[in-house]
Amino acid sequence: MGLVTGACLADFGNPVTCVDQDEAKIERLSRREMPFFEPGLPELVTRNLNEGRLRFSSDLPTALKGSRVVFITLGTPPRHDGSADTRAIFEVAKLIAQNLDGYKLVVQKSTAPVGTARAVWRTMKRAARRGAGIDVASNPEFLREGSAIETFMHPDRVVIGAETKRAADLLRKIYAPLFLIETPTVVTTLETAELIKYAANAFLATKISFINEIANLCEAVGADVQVVAKAMGMDRRVGSKFLHAGPGYGGSCFPKDTQALVAFARSQGLRARVVEATIAANQHQIVRMVQKIVRAIGTPRGKRVGVLGLSFKPNTDDVREAPALTIVKGLRRRGVKVTAYDPVAMPRAREMLGRVTFADDVYQAARGADALAIVTEWNAFRNLNLARLRRLMRRPVLCDLRNIYDPEEVEAAGLRYVGVGRGRPGRWDG
Ligand code: UGA
């Protein structure tokens, strides 16, 4: 989030220095080497470096000199009880307070529990010289991995939690290019801004768990979740987005933020029961996928399954909380041999999976397999040569965990089709 935010704000015309304590990372970035895969990011970083608006540094005090606005975009990893660990935010806030050279607006952009921004403000005031000019704002980010630049540059809204006019005006100025394209803005208090982020992510996660439960019902009664979701989505109060049934949500946000919301509610003496159920349904969904594949191959021991897609979603190499990793591990635990393929995430997956065999392409993953499971819907998997797959596989079974294929087409090509929530293919003549 930090790198994308820095590069995009530079692209808006602001001079930006991105700071990280990891010197090796800063070195590589200065050489235009990206630390992760994100479409369009190398070009954006290179352009802004070349035009002198973007710099990288591991020296925070120097970078702070002359900067009026400081965005904090740090990780808030989950603790054992699911709550977010915000220590890094406070450490950096203290450092900033000790290195003030004039007024600073500190924008807390990391996803952190409600109350963090105000606590950061208090911490900074304590650590700074008396009378130093400090404002703290909360400015949650809604970008999505895999389309991070597009979603940063064209957000549905900008949320600004700011309690002084100076802070709100500065943020409005920074985001001015977004207002020119008529992006709605919500200016509110710190706590409200912080809660908006958790509420939005938890609601989207809930939509996914909801449709996954409907998918399971569809399987039981012979209905098609694709058609159910389509018709539900036609009701504008429901909306069609985030109603795609699948192997469960993953990534660095939904799993962590839903847990953090539950933990935060508990700390307030409350229960977030809907979100608790969302988490439980998601964990169950991932396990169900392993059972689904195992059922498709019969007895698991000695069988081979090809797994297509390891990242938690397409267009990223991020494998954090990726359903694919849990599925691969679950299959292996049952004695299934797995050959996996992903267009970009294999190096990262290798670090997490150890002894799994990786294929050079889709067809190598399918060779001799008793089933081929599509776990991440990369575009490259949408138009596979089904006849070739049938010839290569020991038993031609396609477990399409993202429902990207037409079951009739797959079966016409001589493969058995297993989807999610597609008890019996429905008809939609829209
Ligand atoms: C999510 C939110 O969508 C962003 O708005 C937010 O800024 C971000 O978290 C964050 O908090 O930083 P992200 O995790 O990058 O973004 O990816 P999503 O596109 O939301 O996908 C999350 C997971 O849900 C993926 O595993 C995806 O496959 C799954 N998903 C999504 C479904 O299973 N079904 C759907 O219909 C949509």
Side-chain angles (χ1 to χ4, degrees), residues 1-5 8 36-39 73-78 84 109-112 139-159 193-215 225-226 228-230 232-233 238-261 278-279 281-283 285-286 288-289 309-327 342 345 374-378 381 400-404 419-421:
M1 197 238 285
L3 181 57
V4 172
T5 303
C8 289
F36 52 85
F37 177 86
E38 180 63 44
T73 56
L74 285 157
T76 50
K109 210 173 189 24
S110 338
T111 302
N139 171 222
E141 181 51 55
F142 301 99
L143 66 80
R144 296 171 65 191
E145 287 183 36
S147 49
I149 296 164
E150 167 63 21
T151 42
F152 188 99
M153 298 282 198
H154 297 97
D156 287 342
R157 77 304 209 186
V158 172
V159 173
E194 290 171 322
L195 194 51
I196 288 169
K197 169 73 190 204
Y198 279 105
N201 270 6
F203 188 77
L204 292 170
T206 301
K207 267 188 114 173
I208 299 168
S209 275
F210 184 89
I211 201 65
N212 283 340
E213 286 205 327
I214 296 293
V225 73
Q226 296 289 101
V228 174
K230 185 137 219 157
M232 277 175 69
V238 176
S240 58
K241 302 269 167 65
F242 278 62
L243 275 187
H244 300 288
Y249 59 77
S252 66
C253 304
F254 287 173
K256 174 171 77 70
D257 293 350
T258 45
Q259 298 275 5
L261 183 55
T278 292
I279 296 167
N282 194 59
Q283 286 162 349
Q285 186 71 4
I286 300 177
R288 243 185 104 90
M289 295 301 112
L310 294 165
S311 53
F312 82 98
K313 62 182 287 190
N315 299 322
T316 177
D317 60 353
D318 196 341
V319 295
R320 284 176 287 179
E321 303 283 331
L325 299 196
T326 312
I327 291 170
D342 186 286
I374 301 177
V375 188
T376 313
E377 70 280 31
W378 284 89
F381 303 154
D400 176 12
L401 304 189
R402 297 286 181 169
N403 292 346
I404 57 178
V420 176

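Every number for a ligand or one of its atoms is a count from 1 in the order of the listing. Note that this is a predicted model, so its numbers are computed, not measured.
- Every residue two or more places apart in sequence or in another chain that forms a side-chain hydrogen bond (donor to acceptor under 3.5 Å, both in side chains) with R288 is listed here: N216, E219.
- Using a distance-only test at 3.5 Å, with no hydrogens or angles considered, a donor-acceptor pair links the side chain of N139 to the main chain of V159.
- Summarising the geometry, atom CZ belonging to R144 is positioned 11.0 Å from atom SG belonging to C253; distances are rounded to the nearest 0.5 Å.
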Donor-acceptor pairs are to be reported for all side-chain atoms of residues 199-210 against protein atoms at under 3.5 Å, with residues two or more places apart or in another chain.
{"residue": "N201", "atom": "ND2", "partner": "D257", "partner atom": "OD2", "Å": "2.8"}
{"residue": "T206", "atom": "OG1", "partner": "A202", "partner atom": "O", "Å": "2.7"}
{"residue": "T206", "atom": "OG1", "partner": "T278", "partner atom": "OG1", "Å": "2.9"}
{"residue": "K207", "atom": "NZ", "partner": "V238", "partner atom": "O", "Å": "3.0"}
{"residue": "K207", "atom": "NZ", "partner": "G239", "partner atom": "O", "Å": "3.3"}
{"residue": "K207", "atom": "NZ", "partner": "K241", "partner atom": "O", "Å": "2.8"}
{"residue": "S209", "atom": "OG", "partner": "T278", "partner atom": "O", "Å": "2.8"}

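- A donor-acceptor pair under 3.5 Å is absent between the side-chain atoms of E194 and the main chain of A112, judged by distance alone.
- Taking a heavy-atom cut-off of under 4.0 Å, ligand 1 is surrounded by E141, F142, L143, R144, E145, K197, N201, I208, F242, L243, H244, Y249, G250, C253, F254, D257, F312, K313, R402.
- Considering only residues two or more places apart in sequence or on other chains, T76 meets the side-chain hydrogen bond (donor to acceptor under 3.5 Å, both in side chains) condition with K256.
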